[in-house]
Amino acid sequence: MVTEFVFLGLSDSLELQILLFGFFFVFYAGIVVGNVLIIVTVAFDSHLHSPMYLLLANLSLIDLSLSSVTAPKMMADFFSISKVISFEGCFTQVFLLHLFGGSELVILIAMAFDRYAAICKPLHYTTIMCSKVCVGMVAAAWGTGFLHSVSQLAFAVNLPFCGPNEIDSFYCDLPRVVKLACADTYRLDIMIIANSGVLTVCSFILLIISYTIILMTIQRHPSARSSKALSTLTAHISVVLLFFGPCIFIYAWPFPIKALDKFLAVFYSVVTPLLNPIIYTLRNKDMKFAMRRLRKWNVNPRVKS
Ligand SMILES: *[C@@H]1O[C@H](CO)[C@@H](O)[C@H](O)[C@H]1NC(C)=O
């Protein structure tokens, strides 16, 4: 019986491991600071209490959680000779990854819907995106993440593990763990592709269609506000591509390429969650002003500007 799994990690060479540790440390620190800054700014600035920014803060929270599932363990492992994780720990990682991943997916759809309502139905925007709808979307995001994660794990936890326990990666994910089971996992593989794969591909297509409609609407009715809308949209679309590119490749691509798989996993755990805050804050004037206001208020709390 297997009671723990062993990660092979990213590299065997000590020098490279130290270099990678430095790289990941900087990225993870950036993820924590950047995303916490967005959450705090949105929470404390009443100018930003609109659906767009509330959803953005939720996205930051999910990004931070997603990266915290894998990055700290990976960094600690650079300094240990045997990179082991317990059976329960491994399945906890799988559960949390799919919980946060599934929620992020729905939040991205909610953000696209919010922009669609704002740009294509401007007169009805406040009634369409009222606070009830916004809260409902966030609840739906967490609910979908939970259901998606539970439905995948339900089939995997009861698999017999008796043989090799080495995972050629730095975290546990379903496609790799299932390969180690002493059973015919063909149907389970199909189930993973059907669940994670179809979910990501369908959401991706839905998002592409909605952003295409929004862009076409802007082109047909150019106005003074469209350049601002366009810059917001570019940010959204970049984030969507960054999230879905690796995701589709890992879960829905039928011919995995081992080396590329590992690289994408790195991308996924430390690069995407860092790029989201950078893309949103650097391109967004309201966000930058809000952060400046927050800083002033911190330096001198009595001048509540
Ligand atoms: C997420 O969105 C909900 C609903 O709009 C909001 O009440 C909540 O404050 C947001 N969470 C964060 C961390 O900003």
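All values reported here derive from a predicted model rather than from experimental measurement.
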Could you name each residue pair satisfying side chain to side chain donor-acceptor pair (under 3.5 Å) that touches residues 25-42, not counting sequence neighbours? Y28-S68, N35-S60
For [X], what are the other residues in its hydrophobic cluster, where any two members join if their side-chain heavy atoms are less than 4.5 angstrom apart?
| X | result |
| --- | --- |
| V6 | V84 |
| L8 | none |
| L14 | I18 |

Under a plain distance cut-off of 3.5 Å, with no hydrogens placed, do D286 and H47 share a side-chain donor-acceptor pair?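 Distance-only check fails for H47 and D286.
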Let's go through I85 and E4 carefully: what are the C-alpha distance in whole Å and the side-chain angles of both, what is the deciding distance for side-chain contact (heavy atoms from CB on, under 4.5 Å) to 0.1 Å, and is it a yes or a no? CA-CA 6 Å; I85 187 167; E4 60 187 22; over 6 Å; no
Strictly by ring-ring contact (aromatic ring centres under 6.0 Å, His included), give each pair with a member in residues 171-204 just once, sequence neighbours left out. F204-F244
Can you name the closest pair of heavy atoms from L180 and E166 and give their distance? CD2-O, 3.7 Å
Closest approach of M111 and L56, non-hydrogen atoms and distance? CE-CA, 4.0 Å
D45 and salt bridge (Lys or Arg N to Asp or Glu O under 4.0 Å): which partner among R292, R293, R295, K296?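 Per the salt bridge (Lys or Arg N to Asp or Glu O under 4.0 Å) rule, the option paired with D45 is R293, out of R292, R293, R295, K296.
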Taken in chain and number order and not counting sequence neighbours, the residues that satisfy ring-ring contact (aromatic ring centres under 6.0 Å, His included) with F79 are F21
Residue list, ring-ring contact (aromatic ring centres under 6.0 Å, His included) with F95, at least two apart or on another chain: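 For F95 there are no ring-ring contact (aromatic ring centres under 6.0 Å, His included) partners, ignoring immediate neighbours.
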Just distance, no hydrogens or angles: give the donor-acceptor pairs under 3.5 Å from side chains in residues 119-135, sequence neighbours left out.
| residue | atom | partner | partner atom | Å |
| --- | --- | --- | --- | --- |
| Y125 | OH | D114 | OD1 | 2.5 |
| T127 | OG1 | H124 | O | 2.8 |

Applying salt bridge (charged side-chain N to carboxylate O under 4.0 Å, His left out), can you list everything that pairs with D189, at least two apart in sequence or on another chain? none
Residue pairs, two or more places apart or on separate chains, that pass disulfide bond (SG atoms under 2.5 Å apart) and touch residues 88-119: C90-C172
Who passes side chain to side chain donor-acceptor pair (under 3.5 Å) against S196, sequence neighbours left out?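 Residues passing side chain to side chain donor-acceptor pair (under 3.5 Å) with S196: Q152.
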Please confirm whether the backbone N or O of [Y] pairs with a side-chain atom of [X], one donor and one acceptor, at under 3.5 Å?
| X | Y | answer |
| --- | --- | --- |
| H98 | G145 | no |
| S149 | F146 | no |
| S13 | L16 | yes |
| R176 | D168 | yes |
| H236 | S231 | no |

Describe, in one word, how the ring planes of F161 and F87 are oriented to each other, choosing from parallel (under 30°), tilted (30 to 60°) and perpendicular (over 60°). perpendicular
Point-to-point distance, once rounded to the nearest 0.5 Å, from [atom1] of [X] to [atom2] of [Y]:
| X | Y | atom1 | atom2 | answer |
| --- | --- | --- | --- | --- |
| T185 | M191 | OG1 | CE | 11.0 Å |
| F243 | T272 | CZ | OG1 | 8.0 Å |
| N58 | I39 | CG | CD1 | 8.5 Å |

Taking the six-membered ring for Trp and the single ring otherwise, decide whether the centroids of Y211 and Y116 are under 6.0 Å apart.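 No, ring centres 6.0 Å or more apart.
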Enumerate the salt bridge (Lys or Arg N to Asp or Glu O under 4.0 Å) contacts for residues 66-81, please, sequence neighbours excluded, ordered by first and then second residue.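 For residues 66-81, and leaving out neighbouring residues, the salt bridge (Lys or Arg N to Asp or Glu O under 4.0 Å) pairs sorted by first residue read K73-D77.
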